[in-house]
Amino acid sequence: MAKEVTKRSENYSQWYNDLVMKADLAEQSPVRGCMVIKPYGYAIWEKMQSVLDAAFKKSGVQNAYFPLFIPKSFFSREAEHVAGFAKECAVVTHHRLMNDPDGKGVVVDPEAKLEEELIVRPTSETIIWSTYKNWITSWRDLPILCNQWCNVVRWEMRTRLSLRTAEFLWQEGHTAHATAEDAAAKAEEMVQVYADFARNTMALPVIVGHKSPNERFAGALDTLTIEAMMQDGKALQAGTSHFLGQNFAKSFDVQYTNKEGKQEYVWATSWGVSTRLMGALIMAHGDDNGLVLPPAIAPIQVVMVPIYKTDEEHNAILDKMYELKKGLEAEGHSVKIDDRDTLRPGFKFAEWELKGVPVRFAMGPRDLQNGTVEVARRDTLTKETVALEGIEKTIADLLDDIQKTIYQKAFDFRASNVEKCDDWNEFKEKIQTGKFLLCHWDGTAETEQKIKDETKATIRCIPVDSFVCEEEGVDIYSGKPSRQRVVFAISY
RNA sequence: CGGGAUGUAGCGCAGUUGGUAGCGCACUACGUUCGGGACGUAGGGGUCGUCCGUUCGAGUCGGAUCAUCCCGACCA
């Protein structure tokens, strides 16, 4: 139920948790480090899915589904990849329970030990590539462009609601191509799909770039990322797209016969975004009154709250509201009439604000008489009384404006917290205050590691669109020559 | 896995030198309210994380154990 949310200034972590739980998005599950996604939270996730799915289809991608359990032996094939996940896998060892012979409850039946353990997928590269082996024989079979929406499990040491749960929902795309160029282009294309989605739908300004070798996905030759800035100035990796080279094709022996009749290994990509995007949404746009949802992702765009004393008023207002709802829905907006008669208007206002609904209508006898409605917008917390005449157009424009305003606010916030930095002492100080620092880097893993050890800051990316800065300089830490600046930040 | 903390009603918490469990919110009923989180009255709800010990008696003391949270290391 709606309750006051901790102020951001008091404790950012607590504020975030309060928002997630009190806005009815999710709650901690009884299972360690997992979350229950509640219907309202899931509606946001579904909206994300539908927008992304449409974009994938446009890129020629098809949805498919692969098994949750992966035989342990599949993991023996790609050493580098496995090294990245081995420490955080859930393993199925038995297949039966029995009554505890010593008393109450159940125990694992020791007789039911599996001959080969099954790994609950931490990601599906291994099982998908074992499957692709059977699908690919000729150049005519390529490219294969598959995506799956599913859950994965990573037994993280430390978890955080939405941001790093032991089990999370995501989509993972896995493609196979005839040439390195095709695969690299696909990886590039998909990161741009994510960037468009983040910017236009989620109203998140993101930086697109390459990960440094240290931060790369296990087994990838190149990892592209979208990096967003949260309101405490920390970076959040919101999506990644990997160019996997021929690593997986070689490990799983996936070859095709080319036009010349020769056997060749295929080239691969994989790319994914997860329910972490919900975390990004909350931390990037939320305020002390609750969630602030961009209209493009809001499950409810307009909520209507009737204000009345008598049944007569109630009925008259509801009639008007249903009429308005019909008109707005015809324009493609999602509308909810909150006619719960057990709650007072003030309570409903607070509750819908907590849930981030972009536009709220309040209509009482006064409005009914004047042919007006009180329209409140969530992003600016302002309200005004507007005429019912031409309301469809007014609301369409307003939703557009809210979408833009939310983006602009996040954009301006980031702009005021990104700066160039060429002095190591200054770097150490500023990076702790929640800034993205554009610095020269000598390109070595050693330097990056040392900077991380001393400051906890990592290279978020080597930017490719916004913040590209190719210029001669010297590494901020080692003093060695550098040809471009990269983005340093402390991340989630 | 290191450092810190916490487990008492659905949630948030109090509980003194050991004496048999309470507050706020939420919930139920009735009434008055209703243009920014209403109020009154009356109710219901608990193996005090678990186990062992000390004691006439343990939420409280001792030990063990489990779980959760925060800060690190690891990661979408």
Side-chain angles (χ1 to χ4, degrees), chain A residues 1-6 11-14 16-18 21-22 27-34 83-89 122-123 151-172 194 211 214-218 220 223 225-228 235-242 270-280 289-290 305-311 313-314 317 339-354 360-370 372-374 376 381 383 385 452-453 456 458 460 490-492:
Chain A
M1 282 309 269
K3 267 186 197 161
E4 207 176 304
V5 172
T6 308
N11 179 338
Y12 200 80
S13 280
Q14 186 61 40
Y16 172 80
N17 279 338
D18 277 7
M21 289 188 270
K22 289 177 180 159
E27 63 188 30
Q28 203 78 49
S29 88
V31 182
R32 193 209 83 105
C34 295
F85 289 101
K87 286 169 283 182
E88 50 187 42
C89 284
T123 177
N151 56 345
V152 288
V153 169
R154 295 182 189 174
W155 214 260
E156 301 286 353
M157 288 297 180
R158 196 152 115 61
T159 58
R160 260 196 107 187
L161 223 49
S162 307
L163 292 178
R164 191 177 302 103
T165 39
E167 177 187 8
F168 56 95
L169 307 186
W170 76 347
Q171 70 50 227
E172 47 179 329
Y194 291 153
K211 282 290 184 190
N214 268 7
E215 298 277 322
R216 240 176 234 157
F217 177 70
T223 291
T225 179
I226 53 172
E227 294 284 329
L236 186 76
Q237 180 174 313
T240 49
S241 178
H242 315 287
S270 73
W271 25 274
V273 296
S274 71
T275 37
R276 169 180 267 198
L277 283 175
M278 285 171 59
N289 290 332
V305 178
I307 294 162
Y308 55 88
K309 286 198 175 79
T310 64
D311 278 353
E313 285 170 356
H314 186 186
I317 290 163
D339 67 343
R340 290 176 293 178
D341 58 6
T342 51
L343 298 170
R344 303 165 90 236
F347 184 92
K348 295 179 184 175
F349 293 169
E351 187 179 72
W352 292 114
E353 262 162 32
L354 193 54
R360 185 188 68 231
F361 281 13
M363 184 183 266
R366 218 156 59 208
D367 293 299
L368 208 56
Q369 202 167 27
N370 301 340
T372 57
V373 62
E374 183 190 87
L381 291 169
K383 51 190 180 184
T385 301
K452 187 178 177 185
D453 292 343
K456 299 187 183 74
T458 49
R460 299 321 304 158
I490 293 179
S491 76
Y492 275 98

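Atoms considered below: every heavy atom in the structure, side chains included; atoms not considered: hydrogens, waters and symmetry mates. The sequence lines fix the lettering, A, B, ..., with proteins before strands; numbering per chain opens at 1.
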I'd like the P distance from B/A9 over to B/C23, given in whole Å. 14 Å

Both distances under 3.5 Å, Watson-Crick or G-U wobble: report the partner of B/A26, or none. none

Give the rounded distance in Å between these two atoms: CG of A/N17 and P of B/U6. 19 Å

Donor-acceptor contact below 3.5 Å, side chain A/E156 vs main chain A/T165: no

With A/E27, which residues qualify under salt bridge (charged side-chain N to carboxylate O under 4.0 Å, His left out), at least two apart? A/K38

Protein N or O to nucleotides 74-76 of chain B N or O, pairs below 3.5 Å:
unit_1, atom_1, unit_2, atom_2, d
B/C74, O2, A/E156, OE1, 3.4
B/C75, O2', A/E156, OE2, 3.0
B/C75, O2, A/R164, NE, 2.2
B/C75, O2, A/R164, NH2, 3.4
B/C75, N3, A/R164, NE, 3.1
B/C75, N3, A/R164, NH2, 2.7
B/A76, O3', A/Q237, OE1, 3.4
B/A76, O3', A/Q237, NE2, 2.8
B/A76, O3', A/R276, NH1, 3.3
B/A76, O2', A/Q237, O, 3.2
B/A76, O2', A/R276, NE, 3.4
B/A76, O2', A/R276, NH1, 2.6
B/A76, N6, A/T165, O, 2.6
B/A76, N3, A/S274, OG, 3.4

Under-3.5 Å N/O pairs linking protein and nucleotides 28-34 of chain B:
unit_1, atom_1, unit_2, atom_2, d
B/C34, O2', A/Y308, O, 3.4

Does A/R160 reach a base, just sugar-phosphate, or nothing at all? Heavy atoms under 4.0 Å. nothing

Write down the distance between CZ (A/F347) and C1' (B/C39), rounded to a whole number of angstrom. 15 Å

Ring-plane angle category for A/W271 and A/Y194, please: parallel below 30°, perpendicular beyond 60°, tilted otherwise. perpendicular

For A/D18, check salt bridge (charged side-chain N to carboxylate O under 4.0 Å, His left out) against everything at least two apart and list the hits. A/K22

What's A/G272 touching, base or sugar-phosphate or nothing? Going by heavy atoms closer than 4.0 Å. nothing

Within this structure, what is the CD-to-C1' distance between A/E374 and B/G36, rounded to whole angstrom? 9 Å

With sequence neighbours left out, what residues match A/N17 under side-chain contact (heavy atoms from CB on, under 4.5 Å)? A/M21, A/L161

With sequence neighbours left out, write down each residue that passes ring-ring contact (aromatic ring centres under 6.0 Å, His included) with A/Y492, or none if nothing qualifies. none

